Amino acid sequence: NSSVIVSIWEKKRIIGFGRATSDKIYRAVLWDVVVANDLQGIGLGKLVVHALLQAPEIKNVERTYLMTTNGCSFYEQLGFQKVGNQNLMIKERG
């Protein structure tokens with residue numbers, strides 16, 4: 001049920017992928033931005049993120065969120081900022 005899905009292909013091999021959800025007005029969330037290991041560092045991730053952010057379902061929202069474990073510097077290059085006053089909370093099924 002993603003609002004936007006972006007993929008980059010090299011012949012029959014998927015080399016980049018991203019997806020996002022959005023209410024189209026207030027909030028969007030980037031969920032997955034993935035680039036093949038052997039092709040990282042050449043700008044494919046930036047292409048995926050830019051394509052997601054320019055999609056009609058996302059481009060006019062007030063805020064776009066994402067979570068990352070080790071990609072902060074990558075996303076900061078694209079205009080995202082660390083937020084210190086919010087907490088990640090999880091409720092697992094069962």
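In this text, all values refer to a predicted model and were calculated from it rather than measured experimentally.
Linking Ile, Leu, Val, Met, Phe, Trp and Tyr residues whenever their side-chain heavy atoms come within less than 4.5 Å places Val48 and Ile42 in a single cluster. There is a path of hydrophobic side-chain contacts, each under 4.5 Å, that joins Phe80 to Phe74. Criterion: ILVMFWY side-chain heavy atoms under 4.5 Å apart, direct or through other members. Under it, Leu78 and Val35 are part of a common hydrophobic cluster. Using a 4.5 Å cut-off between side-chain heavy atoms of Ile, Leu, Val, Met, Phe, Trp and Tyr, with links allowed through other members, Val33 and Phe17 fall into different hydrophobic clusters.
Interatomic distance, Ser22 OG to Lys59 NZ, rounded to the nearest 0.5 Å: 12.5 Å. To the nearest 0.5 angstrom, Arg19 atom CZ is 9.5 Å from Asn1 atom CG. To the nearest 0.5 Å, atoms OG (Ser7) and CD1 (Ile15) are separated by 10.0 Å. Here the CD1-CG distance, from Ile8 to Leu44, works out to 5.0 Å after rounding to the nearest 0.5 Å. The OH atom of Tyr75 lies 14.0 Å from the NZ atom of Lys82; values are rounded to the nearest 0.5 Å.
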Requested in this report: Report the C-alpha distance between Leu39 and Asn37 in whole Å, list the side-chain angles of each, state the deciding distance to 0.1 Å, and finish with yes or no for side chain to side chain contact (heavy atoms under 4.5 Å, CB included).
Outcome: CA-CA 5 Å; Leu39 295 172; Asn37 287 339; over 6 Å; no

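Residues Arg27 and Tyr65 meet the side-chain proximity criterion, which asks for heavy atoms closer than 4.5 Å.
When every heavy atom of Val61 is checked against every heavy atom of Ala28, the shortest pair comes out as CG2-CB, 3.9 Å.
More than 12 heavy-atom neighbours from other residues, nucleotides or ligands sit within 6.0 angstrom of CD on Glu62.
Applying side-chain contact (heavy atoms from CB on, under 4.5 Å) to Thr64 and the options Val29, Leu30, Val49 leaves one that passes, Leu30. Looking at Asp23, Leu52, Ile58, Thr21 one by one, the single match for side-chain contact (heavy atoms from CB on, under 4.5 Å) with Ser3 turns out to be Thr21.
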